[in-house]
Each structure stands twice: as structure tokens, then as C-alpha cells.
*Asks:* 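Sharing a structure with you now.
Note that these values count all heavy atoms, side chains included, but never hydrogens, waters or copies made by symmetry. For ligands, and for the atoms within them, numbers begin at 1 and follow the listed sequence.
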Amino acid sequence: MKWCGWGDETTAFTDVDKPALRPFIREHLGTDIAGATGSPVAFEDVPVPASRLNTQLSDHLTTAVGAEHVSTDAMDRVVHARGKALRDLVRHRAGEVGRLPDCVVRPAGEEQVAAVLAAALESDAVVIPFGGGSNIAGSLEAPPEETRPVISVDMTRMDRVLSIDAEARLAEVQAGALGPELERQLNAQGWTLGHFPDSFAHSTLGGWIATRSSGMQSDKYGDIADLTRGLRAVTPSGTLVVRPVPSTSTGPSVREMILGSEGRLGIITSATVHVHRLPAERVILGYLLPTWEASLAAMREIAASEAHPSVTRVSDPEETQFSFATKKRSGPLDKLQSRALMAFLQRRKGYDLKKMCLAFIGYEGSEGHVKAQRRAVGRIVSRHGGLCIGSGPGELYDQKKFDTPYIRDFLLDREILADVSETAAPWSGLGQVYADATAAARGAFARLGVPGYVMCHLSHSYHSGACLYFTFALVPGAGRVPLEAYDEVKAAIQQAFVDAGATLSHHHAVGTEHARWLEQDISRPGVAMLRALFDGVDPGANLNPGKITGLADGGSERNHGSVHLAEPSRRVVAEPVTRPQTPEPAPAAAATPAPAPQAAPRT
Ligand SMILES: Cc1cc2nc3c(=O)[nH]c(=O)nc-3n(C[C@H](O)[C@H](O)[C@H](O)COP(=O)(O)OP(=O)(O)OC[C@H]3O[C@@H](n4cnc5c(N)ncnc54)[C@H](O)[C@@H]3O)c2cc1C
């Protein structure tokens, strides 16, 4: 993984084979992307503060995992300091690496994880579980003011499929398995998990669970929250075991508490997940629809129908135009076909090409099943004025989807900031969320007086609604602090989500990036419940402090939002809920004495 960018060192985005991209960006962002105008500082010039690991803790960690798996190497510490949010990349590129972990440890099994946590608690150190490091919500960064030693626990040595129960269609997998390795081991036995986030190559099962991830085929397989039945996690009070039962009535779901916990409740060591037999057939078809409104209506009807595709994804007109602009140089025959199609759409179907929307719908299963699904979906799309354009565009999308994220670094090299915000809302509210969020982004561009572009797609359909995924780009220009300009746009979109009744994130989690909107999303008592849970399980605030609900003193909040407790103490149990009808101000939160951290058992 690149230390200040996305993905493999050997892969990079280029516009050389995409002739329409340069004019497209010039038209919409007023910038010429012909050559790089900025570049990251050389790693040798990055100031890397010395590790604060003390000898006693270092010795205990060495005993736990072996000397070769305790690293204080500068590059290792920098790579493990943050995820891949735009904010992370911008600061890393500038050589501002923040509060680095003091060491990276790599346990090989659950016993070693328990020993690492016990050593950390004994020394009152901070532990931050690390999967692939791909999160984009600020879920990995230690609080800048953290004075205790910080240990990054890299889980990727724990990457084995431990067992497959073919009868129950469940597999037990170690939490550090990266997507490709996990699928390789499952595929070898004829199975698949069916979880394919765009970050697949660089993210792990444990990270997916800890952030409530969603993959592109969630329509068929479900989100990671649906796929995860059982799990094991090392916590300050011992090893938590959630049995992989299909359903249970054991009070509030502990399984759900771990899902999305971002390392604040413990270190997930393994999970038992749904697996499916590899499908006999798999196809992704491209469709065109006349407008965004028709596209939303078609997707809603597909979700309500008996058709059950594996992927439903439709781009708004702006994203459709962008997709066409990133198309590779085509041969004369392709060009001819494409011109003929556009002429047909305009003349025979009455399309306004600027309003047209590109969709990808995927099908998996037996030949008969796929045929029936295609027919059912085809009828719905056609009722909404759309048509199928075959498997070519879908195949291309399927092959290229893991490469697209590399464009962000290419744009950063040209001083263009690009990022995403995603949400979910009921079908009845999606149109409004879309209108409000795009207007909010454009309003922010106008306030800043900078060129900007916003586009969106719908993906991950459910019974009652879907996810809307917005991508935006802006050119902050000289004289502006890039991240301040970025914050203006990002905050406007996020605020539009919660104001319109949507969630702050469908699958990118809360971290520190979205924490300021948490109370508006899950209500004040909801935040108080989460704080009570985190503080109760981890009274010393040793586990990834500051994520989701912020630190007690608000110290780690990047956006200076409303998520903070009244008392400047890490050990406050929970903020009292203010009752609106009470005229007197609510009493200040009572600080409780910190219970001594309990060491996890070593066996
Ligand atoms: C280009 C790009 C594309 C993306 N596409 C998608 C997408 O399509 N769908 C999607 O859902 N997300 C996507 N993401 C976001 C990201 O990949 C997810 O949040 C992913 O689930 C993080 O997994 P990870 O293994 O990289 O976790 P990390 O980034 O390493 O960690 C994320 C959080 O989980 C905690 N954690 C990690 N492992 C464990 C463990 N074993 N036990 C306890 N806590 C743990 C960490 O402490 C941290 O709080 C994308 C990100 C990028 C940069």
C-alpha cells in the first residue's frame, strides 16, 4: 500500500488512453490536467517523531508476538497512522503525519491478540486495531493529544479460512484476511462470501465488520452486517464469543454491538460468515434510462418486484457523462456503433442525451434463474423508457471497478480535491435527499467561488430504500487552504443528508470524520447509549479512543461538532440526557472513578 495514496505502488491512474477526460475536466473544473502540478513530499523529508514505546511495554509485546513482529520502523508507523480519507491523503502528502503509532505489532492468532491487549492495558497504552487501513472516516488516527503509548495492531497475519460448514453454509474466517486472499481460499473449495467493496483488494474481514461495510453485490448477498452470524473478539474483560446461530432472542444483540464498533469494544479475531456456492453464471448488463427520475422509479420497482438481481446501480446524468469521459479510446467500429445508438436514442426514443442515465444491473445463479431475472428486469426498465445496451459496458465496469479509486491521487497531483459522501434513505425520500445534497454541494462551490462538480449514483437497493453515493470534486485554487475548502463542501452535503432524514453514512462508518452528525442521526439518547457501552467495556479508554462518539473532552473531533461530553475526562460514564420539559439546566455529568482495567486472560 502506498504511504500517501491509494493501492499498490505499481498501479496508477492515467488519462493517456482516455481522450475525452482532459476536455471534460477543463469544461467542468476549468483546469488542464495535462501534467502534474503538485506532488507529495519525499518520504525522506517527512519528520517522523521518535517512538514513545517504553522498554517494559516493548518487552511485553515482544514476548506476546515475537521480536520480528514488533516494528518501530518509520514507514510502518506512517502507513499505520491513518486510513485513506481525502483528509488523510492531503496531510500525508504534505508531510504532516500527525500522532503516529509508537509501534506496529502483528499477532498470529487469538492468544497473541489477547497477550497484546493485556500488555497494553497493564501499561495504560492505546490499542488501535488495523485491518487493511482503507477506511475513509478517520477511524484509525490516534488523538493528536494522546500522551500514552499507541500500538497499532495489524491483523493481516491472521488470514486463514479456519473451517467451512457446508451444511449450514457458514465459514469461520480469521479477521485479518484481505478480500482477495479470503476469496481465493473460499473459491478453492467452491464457495464465495460475495462481499466486494471497491476497496476489496486492501481491506479485511475484521475491518468490514468494524465499519459495517457493504459490497457491490449486496443486493443478493447482503451487507457485511447480514453476512456475519458469529464472531470472536478479545475485549478488556476477556474473549467475547457470539455463536453463529441463524437468529436469537438473547436481548439486545451483542453481535450488532460489535458491528460498526471501529475497534472501540475489542479486537475481532475471527467471524463466522454466510458463504454461497460459486454461481454457475454471472453477468452484468448495461442499461440506459431517459432521466434520473425514471431511473429512481425503475430501481424502486425492481426492488419491489420478484426479480432479485445481485447488483443494481444507476448513475445520475452528471456521473453518466463522467463515465463516458473516462472511456478508453475506441476503434472506428465502436465509434460508429456508439453514434448510431445516440442517434436512435434521440430520434426514436426522444432522449435528451444530457439527462440520460447509465445503469448496471447484475445477475447470478443458474442459467434459468439468470434468464428469468433478466427478462423481469428488462420489462421494468422498458416500462420506464429505458433499454439494455448489452454486457460489454457491464464487463468493462466489473473489470475496472477496483482501479477507479486510483483517480483520486491523479487529481491530487493536479491540485483537484475529489471525495465521496454516501447515505441511505427510504424510497419515498430519495428524490429529496438527492435534490438537497446536490444543491448543498453546488451552494458550497458558489460560496467558495471555486469550480466544482458533483455527481451521484444509486446502489445497494433494499426493501424500503437504497443508498445514494455522491462524488464531488473542486479546485480550491491558490490562496485557499485546501482542506478548509473541502470541509465546506463535505459538511454541506452531510448536513443535507441528516436534514432530509437520511443517515450520515450507509457504509463508510462514523470515525471522527462524521462524528459531528451522529446526534442528529441517532438522537441524543442514542449517543448516550453508545458512550455508556464504550465506557463500560473499556473504562480506561484504551481501545481506539475518540472514534464514533468523540473523546470526552472533544479533543479528537476534526470538525468541532457537537459530539462531546460535559466533563473533560475520558472516564465519564455517560452524559445525562437533558429532558426538554425541565426548566432547570441538567446537572453536570458525574465523573465516576475509573475502574482498574482488567487484563484479558492469556489463554
Ligand atoms: C477507494 C476506496 C473504496 C472504498 N469502497 C468501499 C466500498 O465499496 N464499500 C465499503 O463498505 N467501504 C468502502 N471503502 C471504505 C473502507 O474500505 C471500509 O471502511 C473497510 O471496511 C475498512 O476495512 P479495513 O480492513 O481497511 O479496515 P481499517 O481501515 O484498517 O480499519 C477500519 C476500522 O475498523 C477497525 N478494525 C479493523 N480491523 C479490526 C478488527 N479485527 N477488530 C476490531 N476493529 C478492527 C479499525 O480500528 C478502524 O476503526 C472504500 C475506501 C476506499 C479508500
Side-chain angles (χ1 to χ4, degrees), residues 1-2 5-7 13 79-86 88-89 101 107 110 113 117 126-142 150-159 173-179 182 195-218 223-225 231-235 240 258-271 311 313 401-409 418-420 422 457 459-460 467 469 471 505-514 543-548:
M1 184 73 108
K2 289 172 189 154
W6 176 247
F13 181 90
V79 166
H80 286 78
R82 293 179 176 138
K84 297 296 173 187
L86 182 81
D88 300 333
L89 301 189
E110 189 174 281
V113 172
L117 186 58
V126 164
V127 166
I128 305 182
F130 188 99
S134 71
N135 83 86
I136 47 178
S139 309
L140 282 172
E141 187 172 355
V150 176
I151 305 164
S152 173
V153 182
D154 183 317
M155 296 296 289
T156 50
R157 280 177 77 209
M158 294 174 59
D159 67 350
V173 184
Q174 288 184 307
L178 288 157
L182 168 53
H195 185 72
F196 299 104
D198 290 357
S199 55
F200 177 72
H202 300 283
S203 54
T204 61
L205 176 62
W208 298 337
I209 294 170
T211 57
R212 301 190 72 106
S213 164
S214 183
M216 84 177 236
Q217 283 161 232
S218 68
D223 297 329
I224 203 69
L231 53 84
R232 296 175 66 90
V234 174
T235 78
L240 168 76
I258 298 293
L259 282 158
S261 58
E262 300 188 30
R264 289 212 58 180
L265 295 175
I267 305 179
I268 304 158
T269 52
S270 65
V311 180
R313 177 189 162 114
K401 63 182 182 288
F402 298 139
D403 291 342
T404 312
Y406 286 90
I407 195 172
R408 208 165 39 147
D409 297 324
D419 199 30
V420 297
E422 40 73 57
H457 65 253
S459 53
H460 313 286
C467 162
Y469 189 106
T471 303
S505 170
H506 166 260
H507 59 260
H508 285 162
V510 186
T512 49
E513 203 64 55
H514 300 139
L543 290 165
N544 206 6
K547 310 309 174 313
I548 306 175

*Asks:* Report yes if some heavy atom in the side chain of E141 is under 4.5 Å from a heavy atom in the side chain of D88; otherwise report no.
*Replies:* yes
*Asks:* Between K547 and E262, does the salt bridge (charged side-chain N to carboxylate O under 4.0 Å, His left out) criterion hold? Intermediate values first, please.
*Replies:* CA-CA 7 Å; K547 310 309 174 313; E262 300 188 30; over 6 Å; no
*Asks:* Taking L117 as the fixed residue, which of T235, V153, V127 is the one that meets the side chain to side chain contact (heavy atoms under 4.5 Å, CB included) rule?
*Replies:* V127
*Asks:* Check the angle between the aromatic planes of H202 and W6 and answer parallel, tilted or perpendicular using the 30° and 60° thresholds.
*Replies:* perpendicular
*Asks:* Among H460, H507, H195, find the residue that satisfies the side chain to side chain donor-acceptor pair (under 3.5 Å) test when tested with S214.
*Replies:* H460
*Asks:* If we count only N and O atoms by modelled type, under 3.5 Å, do the side chains of H508 and N135 hold a donor and an acceptor together?
*Replies:* no
*Asks:* What residues come within 4.0 Å of ligand 1, counting heavy atoms only?
*Replies:* W6, K84, P129, F130, G131, G132, G133, S134, N135, I136, S139, L140, M155, A175, P197, D198, S199, H202, S203, T204, G206, G207, W208, A210, T211, S213, S214, E262, G263, G266, I267, I268, P405, R408, H507, H508, N544
